[in-house]
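To find a chain, count down the sequence lines: A is the first, B the second, and so on, and within it residues start at 1. Atom set for the values below is all heavy atoms of this structure, side chains included, hydrogens, waters and symmetry mates excluded. This one's a predicted model, so the numbers in the text were calculated from it and none came from an experiment.
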Protein chains: 4
Amino acid sequence: MKKGEKTKAIILETGRDLFWKFSFKDISVDHICETAEVNKGTFYRYFESKVDLCLQVIDHNYEMMIKDIFERSFSETSDPITRYEGIIRRIYNLQKGFYDDEGRCRGCPFVNLAMELANQEESIRKKLNKVYEGMIEYFSEIYSQAEKQGIATIRSDKNEMARKMLYVLNGSLVSSKIGKRPDLILEVIPTTRVLLGVA
Amino acid sequence: MKKGEKTKAIILETGRDLFWKFSFKDISVDHICETAEVNKGTFYRYFESKVDLCLQVIDHNYEMMIKDIFERSFSETSDPITRYEGIIRRIYNLQKGFYDDEGRCRGCPFVNLAMELANQEESIRKKLNKVYEGMIEYFSEIYSQAEKQGIATIRSDKNEMARKMLYVLNGSLVSSKIGKRPDLILEVIPTTRVLLGVA
Amino acid sequence: MKKGEKTKAIILETGRDLFWKFSFKDISVDHICETAEVNKGTFYRYFESKVDLCLQVIDHNYEMMIKDIFERSFSETSDPITRYEGIIRRIYNLQKGFYDDEGRCRGCPFVNLAMELANQEESIRKKLNKVYEGMIEYFSEIYSQAEKQGIATIRSDKNEMARKMLYVLNGSLVSSKIGKRPDLILEVIPTTRVLLGVA
Amino acid sequence: MKKGEKTKAIILETGRDLFWKFSFKDISVDHICETAEVNKGTFYRYFESKVDLCLQVIDHNYEMMIKDIFERSFSETSDPITRYEGIIRRIYNLQKGFYDDEGRCRGCPFVNLAMELANQEESIRKKLNKVYEGMIEYFSEIYSQAEKQGIATIRSDKNEMARKMLYVLNGSLVSSKIGKRPDLILEVIPTTRVLLGVA
DNA sequence: GATGAATGAGACTTCATTCAT
DNA sequence: GATGAATGAAGTCTCATTCAT
């Protein structure tokens, strides 16, 4: 890794952390630069604008989520329900970690940005929409398998079912943030069992 | 209504509209004053700060939601499922209206503010938490009745069930905003039927 | 004059002075505010942007030029040639004053801004174009009278002749600034006599 | 031409083009480097500073003007009036070309820089002053010949007459830029005929 | 000989809030 | 009771230049 790449990576990681912990509008470029210990000119050498950083942060978060949460859960087992529980448990562990460290849940980095910016920054809204399409594919896969194997007894269009699974998850993340209650995320597991018709 | 009260009401309504249409940070006090056609000095006569306005906007939104959405749906019928569908349909109509007028869904005014500010403005987070406790009481009531009447076949702690109903609703509002798809809100109805175990 | 008007007038006069003495790009809003002893927020209360100030400065300069140079010269006499000489002499006196005070000629405030900004700020170019149309009307009037009275022996379209008179004047202002030689402006008088065919 | 010389020539030509098309302050060193496709370090290897580049651009422009406009017009004929007309026509053609390509006249590269920088960058002012002294020599020569040959009937100090010829030319270049009217430059020809007293 | 990285000052502009009338 | 004026901190972003390879 060259020097420049390292600098960019530090800025990216700093933005990722601060935007998630607080919000997009609450964090200034100055703040990011101070935290990352880089010059403001350097920031704009690597990112066209604050929004551009945000866009790249979303990409970065997406890649990490897929790798550390979805793919890891998938690689552990081939049972779709266990896979799903692995995903939720990992999300819970993350928020529980934030809660223990910071006294509050950070919530979903995608939902946070979406609610803050979707109606003002079209580029961000579009990217977040694609993020959720990606997640829906994973959920869709889980449902398909569960349905094929007779574990899930409820018949549905697989994308529609995946969307519903997403509603439950995102809704619980919202509540856990508002209520400072990471435990609520665990309620997603039995809820989704009912949704899929798993005994 | 006295002149002063009227002025305050105009500011409150303007804040309600703009914070919802855009976001808290995107709307400046200047912008509110220009739109409401009041002087900046006047603003600070009626509201201690921008956050104070926001707090009162939340109260106002809550009152309107209870009156226009929940109570109206309750007064129409005594059937719990029909009541629930009335609530969702009213929420859908609202977002559909925004979509037709503005080309996008505004999303839930409480979720929006929560995701934007919960981790920075504790006073706002607390108030939003109470808002959802209020909503949960309504959902709890619906479930209790449905369960008592044998319409809902799934047994659960009523508050837990109400929370799950909220997850589905809030999750769908998030997705409808990100995807500019008000129709997704209607998916809440069948989803919740499954959750409650309604035939 | 109300307080606000006074503040605006101070900013306007400061901008007029600094833009003329230096240039548009060399003078920052900060610099103007410090010189005018007003807060930056106050600046933007009265002017939408730096370009907006510049536009109003041009208007202000134009009004002053018409009043103090053209109208005054016209009111002194009815002889067109004497009127013209009055105009040039007043312009010379102005630049001579700058030269004595500051060691250099400021040049024409309109030509300066035009050369600096015409190809980047269309709004400024357009306004400056109108300024010169205004000046051409005065020169046109002078020529018309001189021609009617038989003082000017050269026949020409009056607007074309006025434009030529403007070329000589503006050209001399350019040279006086580049050469730090206010005296060159006085050469305009005999030059224009030849142009008009005045004995 | 060695590689280094070539690199320097590219930067010089890029600066020449951009400073003329826009202005000195509007063009950043970054912009020049990107357009010239050279590294910023390389820029500062060949030029001490942005002002240094500007100084060399002026020299370069001067050499090109002398060669392509003045010398070429002189070599075509020995008649002083035809020579003069050749100069003006070439200047017109240049501006007409800019107008056709870019929708506007660039104006005189010397006048542009002078009005923008004369009062802030003494080194640039001085160099521009010398440029005009050079031009005056050519005009002086034209007048001398015309006067000697009896073509020009007006008696004058030759340098003074040359200065006046310059005023007309520069003034028309200013007007053509402000008015986006390259045709105005052609008015210089009859104007100067009157000035010289050519039948 | 050339490159990419870094710097710090400063650009224009907006903010929530307070003060004086 | 209400208005317009003023404030200073902070916002995003660009600049000419230098440094370390």
Cationic tip of Lys8(B) above Phe47(B) ring, under 6.0 Å, 45° of axis: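 Lys8(B) over Phe47(B) ring: yes.
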If you check every side-chain atom of [X], which of [options] has the closest atom?
X	options	result
Ser28(B)	dA6(F), dA16(E), dT17(F)	dA16(E)
Tyr44(D)	dT17(F), dT13(E), dT17(E)	dT17(F)
Thr42(A)	dA6(F), dC12(E), dA6(E)	dA6(E)
Lys40(D)	dT12(F), dT14(E), dT17(F)	dT17(F)
Tyr46(B)	dA2(F), dT14(E), dT12(F)	dA2(F)

[X] has an atom [atom1]; how far is it from atom [atom2] of [N], in whole Å?
X	N	atom1	atom2	answer
Lys25(A)	dT14(E)	NZ	C1'	12 Å
Leu53(A)	dT12(F)	CG	P	11 Å
Lys6(A)	dA5(E)	NZ	P	14 Å
Asp30(D)	dA5(E)	CG	P	13 Å
His31(A)	dT12(F)	NE2	C1'	16 Å
Arg45(A)	dT17(F)	CZ	C1'	14 Å
Ile10(A)	dA6(E)	CD1	P	9 Å

Short side-chain N/O contact to dG4(F) OP1/OP2 from Asn39(B), under 4.0 Å: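 So the side chain of Asn39(B) is within the cut-off, an N or O lying under 4.0 Å from OP1 or OP2 of dG4(F).
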Under-4.0 Å side-chain N/O to phosphate OP1/OP2 contact, Lys3(A) with dA6(E): yes
Main-chain N/O of Arg104(C) paired with Asn119(D) side-chain donor or acceptor, under 3.5 Å: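 The answer is no, because no donor-acceptor pair under 3.5 Å joins these two groups.
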Sugar-phosphate only, base, or nothing, as touched by Ile27(D) at under 4.0 Å among non-hydrogen atoms: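 Answer is sugar-phosphate: Ile27(D) comes under 4.0 Å of backbone atoms only.
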Heavy atoms of other groups near Glu48(B) CD, more than 12 under 6.0 Å: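 Count not over threshold, so no.
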Glu122(D) atom CD, over 12 foreign heavy atoms within 6.0 Å: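 More than 12 heavy atoms, drawn from other residues, nucleotides or ligands, come within 6.0 Å of this atom.
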Assigned partner base of dA20(E), Watson-Crick or wobble definition, under 3.5 Å: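 dA20(E) is paired with dT3(F).
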Polar contact flag, side-chain donor to acceptor under 3.5 angstrom, Thr14(B)-Asp17(B):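 Side-chain D/A pair, Thr14(B) to Asp17(B): absent.
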